[in-house]
*Asks:* 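Encoded as structure tokens, here's the structure I'll be asking about.
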There are 2 protein chains.
Amino acid sequence: MNGMTMADSDEKQEQGVKGTQTLMRALDIMDEVIDGPIRAADLARKLGMSKTTAHRLVQALRSRNYLSVTREGFALGPKLLQLGVLATEQIDYVRVARPFMELLSDRTGFCVFVGKREGEYSRHLDRVTGTQRLRVATAPGDRRPIAETGLGKALLLDEDEAGWERLYIEARGGKPSRAQIDAYLKDMREHKARGTVLHDSELGDGVRSIAVPIRDAKGNICIAISIASAAHYLTDALRPGLAEQVVRAAEQISGAVGYSGPRRA
Amino acid sequence: MNGMTMADSDEKQEQGVKGTQTLMRALDIMDEVIDGPIRAADLARKLGMSKTTAHRLVQALRSRNYLSVTREGFALGPKLLQLGVLATEQIDYVRVARPFMELLSDRTGFCVFVGKREGEYSRHLDRVTGTQRLRVATAPGDRRPIAETGLGKALLLDEDEAGWERLYIEARGGKPSRAQIDAYLKDMREHKARGTVLHDSELGDGVRSIAVPIRDAKGNICIAISIASAAHYLTDALRPGLAEQVVRAAEQISGAVGYSGPRRA
DNA sequence: GATATGTTTCCGATATATGGGACGCGTCCG
DNA sequence: CGGACGCGTCCCATATATCGGAAACATATC
């Protein structure tokens with residue numbers, strides 16, 4: 001159809017590893033099949049390979065159960081179910097997140113944290129200390145009531161309001177006033193709508209943070225990332241721009257652990 | 001170092017598709033990585049390929065996020081999380097099961113059914129009519145109380161006893177006697193221990209069935225398969241051999257939808 | 001039954017993957 | 001401290017595994 005004939009003119013810059021054309025093409029096929037069942041002939045057209053090649057690769061993938069045959073063409077195969085489940089067990093969120101945390105720290109200069117939920121607590125898993133003189137003391141391994149940290153709030157964004165209220169009361173130990181609870185809920189609603197948590201420590205130590213949830217392949221919040229510093233540095237003026245960067249980092253990490261958007265079209 | 005040199009003795013008979021050595025080797029690597037993080041050099045040894053080749057393939061897979069690098073070697077990558085989830089949505093249990101149902105029907109001559117659970121009911125999804133004159137009337141789409149069919153019982157094997165009792169009572173509409181309930185529970189315990197459901201219809205129509213659950217990649221029972229016929233054909237003498245065959249079919253289907261055994265070693 | 005679209009097989013030329021070997025690096029050990 | 005070892009990385013000549021054309025076959029469309 002198009003001038004695909006010979007003129008692949010410039011190289012694809014994403015070739016990456018040389019000597020793997022076959023593999024790469026096969027994986028290209030997998031990527032196409034992600035979008036739903038597709039016919040071998042269509043694959044050949046879309047990927048600019050001969051019908052023969054498409055057919056050969058597709059058969060190979062099917063013989064290994066990476067693809068399955070359906071009435072409407074080839075679909076993702078059962079082997080992927082197995083691999084998916086096993087990958088879940090092998091994935092190390094911290095290791096995946098590391099490089100992105102470092103990048104974020106480099107670009108902002110702030111301390112970066114990731115943490116996960118442990119029941120009513122949030123557990124800090126990893127930290128990248130920024131370039132700033134003033135450091136936030138929280139160390140990996142620390143556990144704090146989930147409702148009272150920025151990271152924790154981010155982990156709670158999918159929770160319902162009853163959950164927020166319950167966890168807030170628990171975190172408060174004593175019994176907060178109705179007004180306090182309502183203020184907290186209002187706060188959380190805003191965070192949720194924005195997808196970003198802007199947090200000022202209630203301990204009066206002037207620590208501020210910006211936290212964003214990270215979602216796994218199933219769309220659930222699995223960990224959260226945050227940057228934190230003294231309010232003196234993390235000023236209101238800077239917040240929007242920084243929030244933007246944290247969100248971007250969170251999106252990249254989400255992608256790297258298999259998240260593929262709110263809902264596949 | 002070891003006698004790996006040349007003596008890979010017999011070829012793999014499962015080469016299947018020709019002209020895909022690279023792909024096949026890459027997928028062999030994936031299969032090795034399934035067993036846990038592994039070093040590139042070990043892959044080369046285990047799979048009888050040169051270090052160079054192993055390295056090249058591994059890099060290619062990593063560049064596509066099918067593998068990730070960890071301290072202890074290469075592990076399953078985030079892309080598999082994404083593919084796993086999407087495969088779940090694309091998998092069509094009925095289509096996967098079809099060929100196995102036909103095989104089972106051919107070999108036994110009986111009617112074969114598959115069905116899934118719908119709350120307190122079991123829904124018959126597909127049927128392969130056997131060669132026998134006498135046919136079981138249940139058609140795809142039919143819904144029966146889950147506790148009163150063989151297929152349904154197989155779907156319940158993972159349920160706890162309280163669940164069994166509740167569903168049995170519901171199925172009975174009226175209130176069964178304590179003795180009836182206990183008999184039912186005893187029955188279910190036996191089915192569960194055996195992994196196979198031997199069912200005689202309580203309607204007095206002389207219909208018998210043998211049902212076995214099918215498990216998905218997570219190990220959960222997702223559908224069940226059964227053969228059914230008149231007790232006149234499906235005699236006590238035949239039962240053990242037939243049960244064996246149904247179990248084998250169920251195992252194959254389970255494998256085809258990603259189940260990888262009770263628990264990976 | 002004729003046309004169109006997709007699937008499968010076969011085969012020779014050549015682009016492509018292969019493995020030997022070398023290098024740098026970190027670690028273990030005497 | 002120096003040497004041996006294991007691992008990841010790179011280069012390159014070579015063998016061969018891979019590619020695509022063509023055509024038989026299968027199925028859908030009209």
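Throughout, protein chains are lettered first and strands after them, A, B, ... in sequence-line order, and every chain is numbered starting at 1. Remember, predicted model here, so these are calculated numbers, not experimental data. FYI, side chains are in, hydrogens and waters are out, and symmetry mates aren't considered; it's all heavy atoms of this structure.
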*Asks:* Starting at CZ of B:Arg62 and ending at C1' of D:dG8, how long is that distance when rounded to a whole Å?
*Replies:*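 To the nearest whole Å, that distance equals 12 Å.
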*Asks:* With a 4.0 Å cutoff (strictly under), does any side-chain N or O of B:Arg45 reach OP1 or OP2 of D:dC7?
*Replies:*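 Answer yes for this pair, as a side-chain N or O of B:Arg45 is under 4.0 Å from OP1 or OP2.
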*Asks:* Nearest 0.5 Å please: distance from the CD1 atom of B:Ile29 over to the CG atom of B:Leu57.
*Replies:*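 Reported value, rounded in 0.5 Å steps: 4.5 Å.
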*Asks:* What integer distance in Å separates A:Glu72:CD from D:dT27:C1'?
*Replies:*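 The distance from CD of A:Glu72 to C1' of D:dT27 comes to 16 Å, rounded to the nearest Å.
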*Asks:* To the nearest angstrom, how far is A:Ile38 atom CD1 from C:dT7 atom P?
*Replies:*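 Taking CD1 of A:Ile38 and P of C:dT7, I get 10 Å after rounding.
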*Asks:* For the pair made of CG in B:Leu57 and P in D:dC10, what is the distance, rounded to whole Å?
*Replies:*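 Nearest whole value for this atom pair: 15 Å.
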*Asks:* Who pairs with A:Ala243 by side chain to side chain contact (heavy atoms under 4.5 Å, CB included), at least two apart in sequence or on another chain?
*Replies:*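 Partners of A:Ala243 under the side chain to side chain contact (heavy atoms under 4.5 Å, CB included) test: A:Thr196, A:Ile210.
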*Asks:* Polar pairs (N or O, both sides) under 3.5 Å between protein and nucleotides 19-23 of chain C?
*Replies:*
| unit_1 | atom_1 | unit_2 | atom_2 | d |
| --- | --- | --- | --- | --- |
| C:dG19 | OP2 | B:Arg25 | NH1 | 3.4 |
| C:dG19 | OP2 | B:Ser50 | OG | 3.2 |
| C:dG19 | OP2 | B:Thr53 | OG1 | 2.5 |
| C:dG20 | O6 | B:Thr52 | OG1 | 3.1 |

*Asks:* What is the distance, rounded to the nearest whole Å, between atom CD of B:Gln59 and atom P of D:dC11?
*Replies:*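 After rounding, the gap between these two atoms is 14 Å.
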*Asks:* How would you list, by chain and number, every residue that makes a ring pair (Phe, Tyr, Trp, His ring centres under 6.0 Å) with A:Phe113, sequence neighbours excluded?
*Replies:*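 Once residues adjacent in sequence are excluded, the partners of A:Phe113 under the ring pair (Phe, Tyr, Trp, His ring centres under 6.0 Å) criterion are A:His124.
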*Asks:* Measure from CG on A:Leu47 to C1' on D:dC19 and round the result to the nearest Å.
*Replies:*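 Those two atoms, CG and C1', are 15 Å apart.
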*Asks:* Just jot down the side chain to side chain contact (heavy atoms under 4.5 Å, CB included) partners of B:Thr52, sequence neighbours excluded, or say none.
*Replies:*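 For B:Thr52 the side chain to side chain contact (heavy atoms under 4.5 Å, CB included) partners, ignoring immediate neighbours, are B:Ser50.
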*Asks:* Please list every donor-acceptor pair under 3.5 Å in which a side-chain atom of residues 101-109 of chain A meets a protein atom from a residue at least two apart or in another chain.
*Replies:*
| unit_1 | atom_1 | unit_2 | atom_2 | d |
| --- | --- | --- | --- | --- |
| A:Glu102 | OE2 | A:Arg98 | NH1 | 2.8 |
| A:Ser105 | OG | A:Phe110 | O | 3.2 |
| A:Thr108 | OG1 | A:Leu104 | O | 2.8 |
| A:Thr108 | OG1 | A:Phe110 | N | 3.2 |

*Asks:* So which one's nearest nucleotide on DNA chain C is more toward 5', A:Phe74 or A:Thr22?
*Replies:*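 Nearest nucleotide further toward 5': that of A:Phe74.
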*Asks:* Taking only side-chain N and O atoms of B:Gln21, does any of them lie within less than 4.0 angstrom of OP1 or OP2 on C:dT18?
*Replies:*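 So the side-chain polar atoms of B:Gln21 do come within 4.0 Å of the phosphate oxygens OP1 or OP2 of C:dT18, strictly under.
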*Asks:* By the salt bridge (Lys or Arg N to Asp or Glu O under 4.0 Å) test, which pairs, at least two apart or in different chains, include something from residues 249-260 of chain B?
*Replies:*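 Listed by first then second residue: nothing to list.
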*Asks:* Report the end-to-end axis angle of the helix from C:dG1-D:dC30 to C:dG30-D:dC1; each axis comes from five terminal pairs, and the value is rounded to 10°.
*Replies:*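 End-to-end axis angle for the helix from C:dG1-D:dC30 to C:dG30-D:dC1: 50°, rounded to 10°.
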*Asks:* Quick one: is D:dG6 close enough that its OP1 or OP2 comes under 4.0 Å of any side-chain N or O from B:Arg39?
*Replies:*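 No, B:Arg39 has no side-chain N/O under 4.0 Å of OP1/OP2 on D:dG6.
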*Asks:* Closer than 4.0 Å, any side-chain N/O of A:His55 to the OP1 or OP2 of C:dT8?
*Replies:*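 Yes, within the criterion.
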*Asks:* To the nearest Å, how far apart are A:Ile29 CD1 and D:dT18 P?
*Replies:*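 From A:Ile29 CD1 to D:dT18 P: 14 Å.
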*Asks:* Going by side chain to side chain contact (heavy atoms under 4.5 Å, CB included), name the residues that satisfy it together with A:Tyr93, two or more places apart in sequence or in a different chain.
*Replies:*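 Result, side chain to side chain contact (heavy atoms under 4.5 Å, CB included) vs A:Tyr93: A:Ile91, A:Asp216, A:Cys222, A:Ile223, A:Val257.
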*Asks:* Measure across B:Gly195 and B:Pro213 and return the closest heavy-atom pair with its distance rounded to 0.1 Å.
*Replies:*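 Nearest pair, atom of B:Gly195 first, then B:Pro213: O-CD, 3.8 Å.
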*Asks:* List in chain and number order the residues that pass side-chain hydrogen bond (donor to acceptor under 3.5 Å, both in side chains) with A:Arg62, two or more places apart in sequence or in another chain; answer none if no residue qualifies.
*Replies:*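 If we apply the side-chain hydrogen bond (donor to acceptor under 3.5 Å, both in side chains) test to A:Arg62, skipping adjacent residues, the hits are A:Gln59.
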*Asks:* Measure the distance from CZ on A:Arg71 to P on C:dG6 and round it to the nearest whole Å.
*Replies:*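 Rounded to whole Å, this separation is 17 Å.
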